[in-house]
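One structure is given below, encoded as structure tokens.
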Amino acid sequence: NNSQRAFDVLLILTCSILGLINSGKVIESDLILYSQQFEFSSQLTYFEYLILNFKDPIYYSLNYFFYNLISTDFKLFLFFITFISYYFLIKASFNFARAVGLNYRFSIFVVILTALFPQIFSFSGHLLRQFLAVSFGYYCLSIFYFKQKSRWPVFGLILSCFIHSSNLL
């Protein structure tokens with residue numbers, strides 16, 4: 001389907017651009033702590049690292065494995081987290097837009113608004129765990145309510161609480 005292919009290209013380009021912008025930010029504020037935690041993963045075993053970061057084990061597992069298996073570059077990790085978070089957020093927004101009956105063009109407009117909303121972008125570069133957890137949770141809700149009533153989106157919503165515990169609220 002050409003419209004689905006066009007949406008997928010738009011999604012990948014949008015997530016990549018936002019990831020590149022976030023990865024080019026000066027490391028300050030919350031990013032300093034995230035950077036330190038990322039680099040600290042090299043000094044411990046996986047289980048030691050999780051014991052110290054027991055509250056949000058999925059995020060810290062991702063953090064640990066990215067550092068130790070893929071790259072020690074925090075900016076690349078920041079790109080990756082931004083890309084994945086926006087991927088889930090945009091897919092969920094599109095799912096919700098289509099489910100409430102918006103036509104394809106208005107659904108794409110919703111996607112563009114979501115991607116360019118300044119407050120969301122501000123959060124995406126400083127609240128990495130929270131943004132990833134909310135985006136993933138929102139995506140799981142969109143799948144559960146509008147696409148398929150299976151167990152995996154419920155399981156995914158529960159998992160999002162282990163990316164950041166504030167998703168329990």
Please round to the nearest 0.5 Å and tell me the distance separating atom OG1 of T45 and atom CD1 of I51.
7.5 Å
For the residue pair Y49 and F40, does the interplanar ring angle fall in the parallel (under 30°), tilted (30 to 60°) or perpendicular (over 60°) class?
tilted
On a heavy-atom basis, the closest approach of T14 and A115 is CG2-CB, 3.5 Å
Rounded to the nearest 0.5 angstrom, the CZ-CZ distance for F83 and F88 is 10.5 Å
Would you check if Q130 and S166 make a side-chain contact, meaning some heavy-atom pair closer than 4.5 Å?
yes
What is the distance from atom CD1 of I108 to atom CG of N103, rounded to the nearest 0.5 Å?
10.0 Å
I120: which residues meet the side chain to side chain contact (heavy atoms under 4.5 Å, CB included) condition with it, sequence neighbours left out?
Y86, L89, F117, F131
Mind checking whether L52 and I163 sit in one hydrophobic cluster, side chains of I, L, V, M, F, W, Y counted as touching below 4.5 Å?
yes
Just one of F66, F38, F65 clears the ring-ring contact (aromatic ring centres under 6.0 Å, His included) bar with F80, so which one?
F66
Counting C-beta onward and ignoring hydrogens, is there a side-chain heavy-atom pair between L62 and L132 closer than 4.5 Å?
yes
Can I81 be reached from I70 by stepping across I, L, V, M, F, W or Y side chains whose heavy atoms are under 4.5 Å apart?
yes
Under a 4.5 Å side-chain heavy-atom rule over Ile, Leu, Val, Met, Phe, Trp and Tyr, are F144 and F94 clustered together?
yes
So, taking the atom named CD1 in I84 and the one named SG in C15, what distance separates them when rounded to the nearest 0.5 Å?
8.0 Å
Does OH belonging to Y104 count more than 12 external heavy atoms closer than 6.0 Å?
yes
Are the side chain of T114 and the backbone of V110 linked by a donor-acceptor contact shorter than 3.5 Å?
yes
Do the rings of Y34 and Y59 sit parallel, tilted or perpendicular, given the 30° and 60° boundaries?
perpendicular
Close side-chain approach of E28 and H126, heavy atoms under 4.5 Å:
yes
Same apolar cluster: I21 and F79, side chain cutoff 4.5 Å:
yes
F7 CZ: over 12 foreign heavy atoms closer than 6.0 Å
yes
Here the gap from L78 atom CG to S23 atom OG, rounded to the nearest 0.5 Å, amounts to 6.0 Å
Is the closest side-chain heavy-atom distance between Y46 and S61 below 4.5 Å?
yes
side-chain contact (heavy atoms from CB on, under 4.5 Å) for L128 and L31? Distances and angles first, verdict last.
CA-CA 8 Å; L128 302 182; L31 288 181; 4.2 Å; yes
Report the distance from atom OH of Y139 to atom CG of L157, rounding to the nearest 0.5 Å.
13.5 Å
Same apolar cluster (I L V M F W Y, side chains within < 4.5 Å links), V100/Y138
no
Starting from the C-alpha separation in whole Å, work towards a yes-or-no answer on side-chain contact (heavy atoms from CB on, under 4.5 Å) for K75 and I27.
CA-CA 9 Å; K75 297 271 187 164; I27 305 296; 4.0 Å; yes
Do N68 and S41 come close enough that some side-chain heavy atom pair is under 4.5 Å?
yes
Would you say that more than 12 heavy atoms from the other residues, nucleotides or ligands in this model lie under 6.0 Å from the NZ of K55, or not?
no
What do you reckon, are the aromatic ring centroids of Y145 and F96 less than 6.0 Å apart?
no
Quick check against the 3.5 Å criterion: does N167 have a side-chain atom that pairs as donor or acceptor with the backbone of A133?
yes
Do the side chains of L20 and T82 get nearer than 4.5 Å, heavy atoms only?
no
Do S124 and L18 touch side chain to side chain, with heavy atoms closer than 4.5 Å?
no
